[in-house]
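One-based numbering along the sequence shown.
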Amino acid sequence: MKFSSASSLVLLGASSSRVYAYKRQAPVEIVENFDWKDPFQSEAISSFEPACESKASFDVLEYTLHDLMEPYPSGLKPWANGLREVFSDREYPGSWAGLDRHLHDRSLLLMGYEKIPLVVREWIEEQERSDGQGKALFAVFEKPKKDKDEVTSVVEFPSAEKIDRSQDEKKVAIFAPGALYGILPLWSAEGSNCKDTLLDLAKYKATPEDGGVVGWIAHSSPQGKKSQLEVKVQVLKAKLPQETGSKDEL
């Protein structure tokens, strides 16, 4: 389902009073082309052991489209028109575990841009510059200078060597939870003993395999708008077959 479906356009562009007028029970389903499942709960994982494990935790603000026209930090009003613009032709990538609750119940996360790991920021910026497959998964906006200011355009990133990291704290990233799953190893690569392997997304797999990388997200229930997510990734190696016979005597 695209953000540009008729129902989504109403929700992204309407006032808060009109949003609530469109409440109705929406179906819950997995978005199309969401290939990720929790590998640590699969039967296949029993054939492998971790050669390396890395975890990372992050604080986020979690919203639904109910909150779109509410003032920040209760809602996303400063960026509402910008979100409509950037997401209008993008398929919704899903909420947690790829679920899509449709209409007003679709989830969005907000993080201070400087709080996102550097390698993830670099990936986002390269996707935007190159029109990569990850373009518009993460909408990066300037923070409003005043409470009532609106920010209608996403940040346009210069070439990598011209990025000024001192300006990252003046930006926010807004994205659906489903946008995280395709690049989980990047979120936990910093400080890992297997950083180089985690940075190689070609090794990241939806199902366990020898030498592959798997990952999943655990997340807390929001307290107000505040939530926490924990990323866990492992580099796998196949377990050695168990010896079934006795050893030869010397």
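More than 12 heavy atoms of other shown residues, nucleotides or ligands fall within 6.0 angstrom of atom CG in D164. Around atom CD of E85, no more than 12 heavy atoms belonging to other residues, nucleotides or ligands sit under 6.0 Å away.
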Practice problem: Using the salt bridge (charged side-chain N to carboxylate O under 4.0 Å, His left out) rule, take D67 and K225 through it: C-alpha gap first, then chi angles, then the decisive distance, then the call. | Solution: CA-CA 10 Å; D67 309 310; K225 299 300 179 188; 2.9 Å; yes

Quiz item: Is there a side chain to side chain contact (heavy atoms under 4.5 Å, CB included) between I174 and L109 once you walk through the steps?
Solution: CA-CA 6 Å; I174 301 173; L109 305 179; over 6 Å; no

Exercise. Begin with the C-alpha distance, continue with both residues' side-chain angles, and end with the deciding distance and a verdict on side chain to side chain contact (heavy atoms under 4.5 Å, CB included) for F141 and K171.
Key: CA-CA 6 Å; F141 295 98; K171 303 179 179 74; over 6 Å; no

Practice problem: Determine, stepwise, if the pair E150 / T152 fulfils side-chain hydrogen bond (donor to acceptor under 3.5 Å, both in side chains). | Solution: CA-CA 6 Å; E150 292 188 6; T152 58; over 6 Å; no

Practice problem: Evaluate the criterion salt bridge (charged side-chain N to carboxylate O under 4.0 Å, His left out) for residue pair D59 and K115; output intermediate values, then yes/no. | Solution: CA-CA 9 Å; D59 294 321; K115 301 295 185 183; over 6 Å; no

Self-check item: From CA spacing to verdict: side-chain hydrogen bond (donor to acceptor under 3.5 Å, both in side chains), K170, Q167
Solution: CA-CA 6 Å; K170 299 178 181 180; Q167 299 301 302; 3.2 Å; yes

Exercise. Start with the C-alpha distance between E156 and R129, add both sets of side-chain angles, then the distance that settles side chain to side chain contact (heavy atoms under 4.5 Å, CB included), and finish with yes or no.
Key: CA-CA 8 Å; E156 293 187 8; R129 282 191 294 262; over 6 Å; no

Exercise. Evaluate the criterion side chain to side chain contact (heavy atoms under 4.5 Å, CB included) for residue pair W96 and L229; output intermediate values, then yes/no.
Key: CA-CA 10 Å; W96 304 110; L229 61 90; 4.0 Å; yes

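No donor-acceptor pair under 3.5 Å is formed between the side chain of R106 and the backbone N or O of D100. K205 places a side-chain N or O within 3.5 Å of a backbone atom of A202 that can act as its donor or acceptor partner. Of the possible donor and acceptor atoms, one in the side chain of W79 sits under 3.5 Å from a partner among the backbone N and O of E142. Distance alone, capped at 3.5 Å, is enough to place a donor-acceptor pair between the K143 side chain and the E169 backbone. Using a distance-only test at 3.5 Å, with no hydrogens or angles considered, a donor-acceptor pair links the side chain of K239 to the main chain of S46. In this structure a side-chain-to-backbone donor-acceptor pair under 3.5 Å is missing from Q234 to G215. D200 contributes no side-chain N or O that, together with a main-chain N or O of T197, makes up a donor-acceptor pair within less than 3.5 Å. S227 contributes no side-chain N or O that, together with a main-chain N or O of E62, makes up a donor-acceptor pair within less than 3.5 Å. Counting only distance, with no hydrogens or angles, the side chain of S74 and the backbone of E70 share no donor-acceptor pair below 3.5 Å.
Atom-to-atom distance recorded for R101:CZ and L65:CG is 13.0 Å, nearest 0.5 angstrom. We find the CD1-CG distance between I183 and L137 to be 8.0 Å, quoted to the nearest 0.5 Å. Expressed to the nearest 0.5 Å, how far OG of S188 lies from NZ of K55 amounts to 11.0 Å. Here the CZ atom belonging to R90 is positioned 14.5 Å from the CG atom belonging to L83, to the nearest 0.5 angstrom. Distance check, rounded to the nearest 0.5 Å: CG of D147 to NZ of K77 gives 11.5 Å. Atom NZ of residue K226 and atom CG of residue L61 lie 7.5 Å apart, to the nearest 0.5 angstrom.
Considering P50, P39, P185 in turn, P39 is the only one that fulfils the side-chain contact (heavy atoms from CB on, under 4.5 Å) rule with V214.
Residues S42 and P208 are in side-chain contact: their nearest non-hydrogen atoms beyond the backbone lie under 4.5 Å apart. Two residues are said to be in side-chain contact when any heavy atoms from C-beta on lie closer than 4.5 Å; V231 and V233 meet this criterion. In this structure the side chain of V140 never reaches within 4.5 angstrom of the side chain of V154, judged on heavy atoms. Residues I116 and D168 fail the side-chain proximity criterion, which asks for heavy atoms closer than 4.5 Å. Residues L110 and V60 fail the side-chain proximity criterion, which asks for heavy atoms closer than 4.5 Å. F157 places a side-chain heavy atom less than 4.5 Å from the side chain of E128. When side chains are defined from C-beta on, E53 counts as touching K232, because their heavy atoms get closer than 4.5 Å. The shortest distance between side-chain heavy atoms of E209 and L236 does not fall below 4.5 Å.
Taking the six-membered ring where tryptophan is involved, the planes of W36 and Y204 are essentially parallel, since the angle between them stays under 30° and well short of 60°. Between F138 and F175, the two ring planes are tilted [angle within 30° to 60°].
The minimum heavy-atom distance between I30 and A97, with the atom names listed, is CD1-O, 3.5 Å. Contact record, E190 with K195: OE1-NZ, 3.4 Å, taken as the closest heavy-atom pair. For the pair A176 and P93, the tightest heavy-atom approach, listed with the atom from each and the gap, is CB-CG, 3.6 Å. Scanning both residues, F87 and A139, for their nearest heavy atoms gives CZ-CB, 4.0 Å. Closest non-hydrogen pair, L199 versus A189, comes out as CD2-CB, 3.8 Å. Summarising the geometry of I163 relative to P158, their closest heavy-atom pair is CD1-CD, 3.7 Å, with the distance given to 0.1 Å.
Salt-bridge check for D149 with K145: failed, with every basic side-chain N at 4.0 Å or more from each acidic carboxylate O. Contact check on E125 versus R165 returns a salt bridge, with a Lys/Arg side-chain nitrogen under 4.0 Å from an Asp/Glu carboxylate oxygen. Ion pairing of D210 with K237 is absent here, as no side-chain N (NZ or NE/NH1/NH2) approaches a carboxylate O to less than 4.0 Å.
Both F48 and F40 belong to a single network of hydrophobic side chains, linked directly or stepwise wherever heavy atoms of I, L, V, M, F, W or Y lie under 4.5 Å apart. In the hydrophobic clustering of this structure, V120 does not group with L118; members are Ile, Leu, Val, Met, Phe, Trp, Tyr whose side-chain heavy atoms approach within less than 4.5 Å, directly or through other members.
Two rings, from F34 and Y181, have their centers less than 6.0 Å apart.
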